[in-house]
Amino acid sequence: MLRRTAAPGPERVKTADPERFARVRRTTLDLARTLEPEDMQVQSMPDVSPTKWHLGHTTWFFETFVLESEEGFEPFDPAFRVLFNSYYQQVGARHPRPHRGLLTRPRLAEVLAYRAHVDERIDELLRRDPEDLGERLALIELGLQHEQQHQELVLMDIKHVLSCNPLDPAFMDGAAPTSPESAPQELHRFGGGLVELGHRGEGFAFDNEGPSHRAYVDEFRLASRPITNHELLQFVDDGGYRTPTLWLSDAWDRIQTTEPWDAPMYWERRDEGWMQFTLHGLEPLRLDDPATHLSYYEADAFARWAGSRLPRESEWEVAAAGRPIEGNLLEPDLRQGGQWHPRAYGGAYTDAADAPVQLFGDVWEWTQSPYAAYPGYRASEGAVGEYNGKFMANQFVLRGGSWATSREHVRATYRNFFHPWTRWHFGGLRLAMDAIPGRVSAG
């Protein structure tokens with residue numbers, strides 16, 4: 001999911017901030033504080049990486065792309081260059097991704113020592129005159145953005161790991177706080193015309209967010225909030241998973257053969273009713289919470305059942321442009337406790353009556369747009385240029401961030417992407433319609 005990027009332009013990063021570096025790095029460790037070493041070793045499927053590997057890989061990024069250029073550089077452990085390389089062909093050999101769970105060595109204590117060693121070296125760099133750092137300052141910023149992506153991956157992956165345990169263990173003790181009732185679903189109309197899309201160069205952005213370009217957008221309607229578990233349950237009860245006319249051909253073939261789905265991921269029907277596995281453990285299904293862990297295939301089928309469609313990413317960006325970054329994001333819940341799960345909209349949004357809410361946070365929202373390059377896109381030079389461009393095939397774009405996305409890390413132009421069958425990530429959906437008379441039929 002969060003495997004995206006090329007280096008930001010040097011003009012975007014001009015100051016060194018050792019305190020911010022320490023805070024971002026500490027956040028990753030904070031996320032692992034409730035886990036035992038045994039938890040951090042498990043790889044429950046090829047798409048999931050062990051927490052221990054995430055701790056090593058995010059450190060490898062700084063060592064490889066920042067510290068290796070230092071005069072007199074010596075690696076902490078030469079073997080780590082292979083073990084913690086993800087997919088950077090230009091860097092060299094890589095340990096196979098499906099076998100990361102077999103890396104019982106190095107021990108967790110060694111990986112933590114590796115983090116401390118590299119953190120100390122980077123801190124020393126950041127306390128130099130920024131003029132002396134040049135491109136390395138931009139690469140450190142890229143490393144922090146990359147680490148924040150992996151913080152979300154840590155939570156996605158450990159949830160899948162814990163869900164495979166019949167004891168239904170919780171990542172975070174205690175039930176989630178009570179969520180408010182979800183607001184009624186409405187449709188907001190947006191005018192069409194020529195619009196400017198993509199990042200315009202102020203502040204950090206990943207290379208796939210640009211260049212800024214013009215595109216024509218027809219008038220459209222966008223739902224006021226993401227769909228909820230209640231609306232998704234209506235789809236399930238109405239036989240949505242058994243109705244081939246609702247599904248794309250590739251999707252229907254898949255759920256009839258390799259992945260026989262009959263409900264969303266982490267839902268389980270028990271005698272007492274529907275349950276959902278969360279990071280708080282197994283809980284009764286919260287009907288007002290935004291639906292999550294949906295594949296593109298499921299999102300598309302639900303939209304068709306509802307008489308609607310998924311938004312195009314250009315439409316989503318038009319709706320989100322200029323909106324405040326507010327919602328259920330990783331901070332401040334990380335240190336104050338709270339709901340480690342999407343929560344219902346309770347009305348605490350700016351100008352909520354005039355525009356869609358929950359555009360940022362809670363769940364990533366599938367769009368119907370294939371993940372492709374914007375006009376004029378060019379990948380960055382060097383190994384960091386492998387971060388985005390080579391993945392622009394057979395994937396779809398999601399927008400908006402989730403409850404596990406860092407508040408300082410999300411923006412209206414941010415593009416996430418996944419294969420259409422994946423659903424272990426925090427993916428949900430918001431309905432859209434062409435600007436003709438009609439209503440959202442679900443909800």
Side-chain angles (χ1 to χ4, degrees), residues 1-13 87-90 138-139 141-142 145-146 148-149 152 190-220 222 296 299-300 309-323 325 356 359-360 364-402 405 408-420 422 425 427 429-430 432 434:
M1 126 187 186
L2 296 168
R3 46 176 197 274
R4 354 251 173 253
T5 317
E11 73 283 359
R12 297 182 187 167
V13 184
Y87 46 74
Y88 294 90
Q89 304 279 348
Q90 296 177 63
L139 289 169
E141 177 60 32
L142 175 60
Q145 300 283 338
H146 167 260
Q148 288 174 321
Q149 291 179 321
E152 186 163 357
F190 292 84
L194 197 63
V195 298
E196 187 171 356
L197 301 173
H199 198 269
R200 302 184 187 184
E202 296 180 4
F204 179 88
F206 296 130
D207 70 345
N208 66 353
E209 297 177 55
S212 178
H213 60 285
R214 291 179 296 172
Y216 184 82
V217 176
D218 275 320
E219 293 184 25
F220 65 97
L222 190 68
Y296 175 86
D300 177 77
R309 61 173 173 83
L310 298 177
R312 301 174 181 90
E313 67 167 323
S314 57
E315 294 170 338
W316 192 98
E317 188 170 324
V318 165
R323 301 295 299 165
I325 306 298
L359 285 162
F360 300 104
W364 287 98
E365 299 178 11
W366 283 106
T367 74
Q368 63 173 253
S369 299
Y371 178 52
Y374 286 155
Y377 169 81
R378 292 184 64 183
S380 295
E381 304 244 343
V384 292
E386 297 186 49
Y387 227 131
N388 274 315
K390 69 180 185 179
F391 296 109
M392 290 178 174
N394 307 319
Q395 307 201 57
F396 285 83
V397 173
L398 303 92
R399 292 297 195 106
S402 79
T405 307
E408 66 180 33
H409 182 73
V410 71
R411 54 201 161 267
T413 59
Y414 196 171
R415 306 171 79 200
N416 199 354
F417 53 91
F418 279 103
H419 289 108
T422 57
H425 48 84
L429 76 137
R430 181 187 302 263
D434 297 330

**Item:** Qualifying residues under salt bridge (Lys or Arg N to Asp or Glu O under 4.0 Å), relative to E317, sequence neighbours excluded
**Value:** R399

**Complete:** Between P211 and P375, the two heavy atoms sitting closest are CG-O, 3.1 Å

**Request:** Go through the structure and list residues passing salt bridge (Lys or Arg N to Asp or Glu O under 4.0 Å) with E196, not counting sequence neighbours.
**Result:** R200

**Request:** Kindly assign one of parallel, tilted or perpendicular to the pair F418 and W366, based on the angle between their ring planes and the thresholds 30° and 60°.
**Result:** perpendicular

**Prompt:** In Å and rounded to the nearest 0.5 Å, what is the CD1 to CD distance from I325 to E408?
**Reply:** 12.0 Å

**Request:** Would you please say whether a donor-acceptor pair under 3.5 Å links the side chains of E141 and Q145?
**Result:** yes

**Request:** Any chance you could measure F220, atom CZ, to R309, atom CZ, to the nearest 0.5 Å?
**Result:** 8.5 Å

**Request:** Mark yes or no for whether R415, through its side chain, and A372, through its backbone, hold a donor-acceptor pair below 3.5 Å.
**Result:** yes

**Item:** Approximate separation, where rounding is to 0.5 Å, of Y374 OH and E313 CD
**Value:** 4.0 Å

**Message:** Can you tell me how the ring of H409 sits relative to the ring of F206, calling it parallel under 30°, perpendicular over 60° and tilted otherwise?
**Reply:** perpendicular

**Request:** Identify the heavy atoms of D207 and A379 that sit nearest to each other, and give their distance.
**Result:** OD2-CA, 3.8 Å

**Message:** Could you check whether any side-chain heavy atom of F396 comes within less than 4.5 Å of a side-chain heavy atom of S369, counting everything from C-beta outward?
**Reply:** no

**Request:** Could you label the plane-to-plane angle of the Y87 and F391 rings as parallel, tilted or perpendicular, counting under 30° as parallel and over 60° as perpendicular?
**Result:** perpendicular

**Asked** About how many Å separate CG of L142 and CZ of F204, when rounded to the nearest 0.5 Å?
**Response** 5.0 Å

**Request:** Identify the heavy atoms of P311 and L222 that sit nearest to each other, and give their distance.
**Result:** CB-CD1, 3.9 Å

**Item:** Evaluation steps, side chain to side chain contact (heavy atoms under 4.5 Å, CB included), between D300 and Q368
**Value:** CA-CA 8 Å; D300 177 77; Q368 63 173 253; over 6 Å; no

**Prompt:** If we only count heavy atoms from C-beta on, is the F360 to R411 side-chain gap below 4.5 Å?
**Reply:** no

**Message:** For a 4.5 angstrom cut-off between non-hydrogen side-chain atoms, does N208 reach M392?
**Reply:** yes

**Message:** Quick check against the 3.5 Å criterion: does T367 have a side-chain atom that pairs as donor or acceptor with the backbone of V397?
**Reply:** yes

**Prompt:** According to the interplanar angle, ranging from 0 to 90°, do the rings of Y414 and W364 count as parallel (below 30°), tilted (30 to 60°) or perpendicular (above 60°)?
**Reply:** perpendicular

**Prompt:** Is there a side-chain contact between L429 and L310 (heavy atoms, below 4.5 Å)?
**Reply:** yes

**Asked** How far apart are the C-alpha atoms of L359 and R430, what are their side-chain angles, what is the distance that settles it, and do they pass the side chain to side chain contact (heavy atoms under 4.5 Å, CB included) test?
**Response** CA-CA 9 Å; L359 285 162; R430 181 187 302 263; 3.8 Å; yes

